[in-house]
Amino acid sequence: MSFTPPSYQFGFADPESSRARTERGLTEATVREISALKNEPRWMLEKRLAGFAAFQAAKFPSWGPDLSKLHLDEITFFSRATDRAERTWDDVPDRIKTTFDRLGVPQAERALLAGVGAQYDSEAIYHNLKQEWQDLGVIFCDMDTAVREHPELVQKYFGTIIPATDNMFAALNTAVWSGGSFVYIPKGVKLSVPLQAYFRINANQVGQFERTIIIAEPDSYVHYVEGCSAPTYSDSALHAAVVEVFCKSESRVRYTTIQNWSNAVYNLVTKRAVADRAATMEWVDCNLGSQVTMKYPSVLLREPYSRAEILSLAIAGSGQHQDAGAKAIHLAPHTSSLITSKSVSFGSGRTSYRGIVKATKAAHHVTSKVVCDALLLNDESRSDTYPTIDIQHEDNQIEHEASVSKVGEEQLLYLQNRGLKPEVATALIVNGFMEPIVKELPMEYAVEMNRLIELEMEGSVG
Amino acid sequence: MLSLHNLSVSTADTQIITSLSLDIPTGQRVALMGPNGSGKSTLAATLAGHPDYVVTDGSMSYNGIDLLSCEPHERAQAGVFLAFQYPVSLPGVPLSQFLRIARQELDAAQGRTPLTHTDFLKLLKSSLAVVGLPVSFAQRAVNEGASGGEKKRLEMLQLLVLEPSLVIIDEIDSGLDVDALRAIGSAITNLPRTTTCLIITHYQRLLEYAPVDRVVILQNGSITSDGGPELAQTVEVSGYQQ
């Protein structure tokens, strides 16, 4: 078998025409400038400055993928393409509209999703929520709007699960964050259709630092879906988002990500949720594209009977390293977690599963199961697992299963014998391997996901 | 017409088939019989292009196409189908999706008029009925969690849906109960008369349900007898020792 790099269908770029963008590199002046451009209140500027201080004190992680080619002084930390978040699709400038049409974003709303938000470079350009949900008190807006219109909620929750000092990229995000979604679901409200956000980096060497907060009040339900893409540039772009999710008692939140960055992007994201009594948090995290991804969606199970389910999917082709995984931190008794990780590597691609299951002294009667399956398409590709299990109680029930398999010669021969070319056969085997996760995606995304995978695989086997 | 001339086949360290020559005219139904280890399944795998079996000498062609220079999928596109003795399972791949893709690939390669989606579903449904499997199998992953007997029926089902012109059936009767044997036998019998069949079997039992025109006996990698259907009965009574 021989391997060639995959094609990337969202690699087109619009002419850059930012209304405002900061100088490259990061100084305190840049942080103040971003805050000033957004007319932010004093308290938010202070959070940013604290983030900047934490960033200056922070070091690159000493573990994980190679980040030596990520030059932060070459990144533009803020780029504004439009003056404010628009409420109707007609108000969005044509140039940006064309891009999102090519990506199929407004179509999703036509398909009756509850709401759609779209972000281009640094800021949200479009957010809309159906009236019936607004009437029930649901809030779905970009984070900048939330700072203006719901300051008491933002102040109460911002940075409380992921403090600026958590890690270098969380510090950076706190200092320069822009855009992202703010979601508030009142007590007892169950959204029957997903909320959707779309993020796109258009300009070269720009960083995207969206900040997302989801608050699910007791007994509520929401499914939030985000998609991401970027044009193909040879220089690095940086995506360092921070996502905090609050699952109050007996609520359920599902957070689905379909990330399909181009191969220039460093995708270094911190995602963490807290689950209160009998709440359920579900992360469904699909990672295609990017140069390096480091992402470990986490759940802090801080009250009894809470539950975490984390599904992680990673696909790495030549020149890519997907370092993905999950963390389940059991802080209370009778909590449970299920982590399912599936990865596919081809060409010189590399995937790693990195995960932690931890149960503190207070957490007895914990059940946790971790299943990691890796599929390698050739001899050059690579997969590793770095599981950490830290359990303080003997009565806890912890399982860990890991498997690595190569696309079997027998399976290929069988499919070829039925008339399938090797690349079609391989794509079918890969799709089948990922089916347990893909079937969890909303229908239109599942279809899109299978199509993306076929595109990624195109020309990769021969 | 399938033509094998002086064919010799080896695995890594063992020669299994030695100078085998066999011509099968279009539409003929041939039973290939022989004791365990005689090279029957090796011949089937070699025809399908299994990489573990190396042709060291001789030639192999089908309708004038040199099979030795064809990749496994090109052999399928030339009309060759092997029903495997031990089919692999394909987790997460629904049978209907897989067969739809395979049928499309074959139609395109052979210049057949492509089936409409509706016609494809009709063919799939009626074929499931022929092999005696419930319709629910269409949405199940290929061979996943299927019993031995169900896997054999599924091989037969694929054959009916893909409509190849040369069918090689490798010991489909092993471990089958009478009902399954009857269903598979009648499916073979009802194939179009233009379909060429090479049925590999230990026992004469299957041939009662799927009559053949000719019986070839393989022993130690070479053909030792070649005759009419009565040869199968002789073997049944007195074994392979002449």
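Quick note on labels: first sequence line is chain A, next is B, and so on, each numbered from 1.
Within the 4.5 angstrom heavy-atom criterion, atoms from both the backbone and the side chain of B:P87 approach chain A. Contacts of B:V142 with chain A are made by side-chain atoms alone, with heavy-atom separations under 4.5 Å and no backbone atom involved. Within the 4.5 angstrom heavy-atom criterion, only side-chain atoms of A:E435, from C-beta onward, approach chain B. Only the backbone of A:F433 comes within contact range of chain B, with at least one heavy atom under 4.5 Å from a heavy atom of that chain. Heavy-atom distances place the side chain of B:N143, and not its backbone, under 4.5 Å from chain A. With a 4.5 angstrom heavy-atom cutoff, B:L106 touches chain A only via side-chain atoms.
Note: B:A76 leads B:G49, B:A76, B:P164 in heavy-atom pairs under 4.5 Å with chain A. Interface summary for chain A: among B:E71, B:R103, B:Q158, the most heavy-atom pairs under 4.5 angstrom belong to B:Q158. Heavy-atom pairs under 4.5 Å with chain A peak, among B:P72, B:A48, B:A141, at B:P72.
At least one side-chain heavy atom of B:I101 sits under 4.5 Å from a side-chain heavy atom of A:L428.
Across A:Q411 and B:P91, no two heavy atoms sit closer than the pair NE2-CD, 3.8 Å. When all heavy atoms of A:L420 and B:H73 are compared, the pair lying nearest together is O-CB, 3.1 Å. Contact between B:H50 and A:L413 at its shortest, heavy atoms only, is CD2-CD2, 3.2 Å.
Interatomic distance, B:L162 CG to A:N417 CG, rounded to the nearest 0.5 Å: 9.5 Å. Atom CZ of A:R418 is separated from atom CG of B:L90 by 9.5 Å, given to the nearest 0.5 angstrom.
Counting heavy atoms of neighbouring residues, nucleotides and ligands inside a 6.0 Å radius, atom OH of B:Y86 does not exceed 12 of them.
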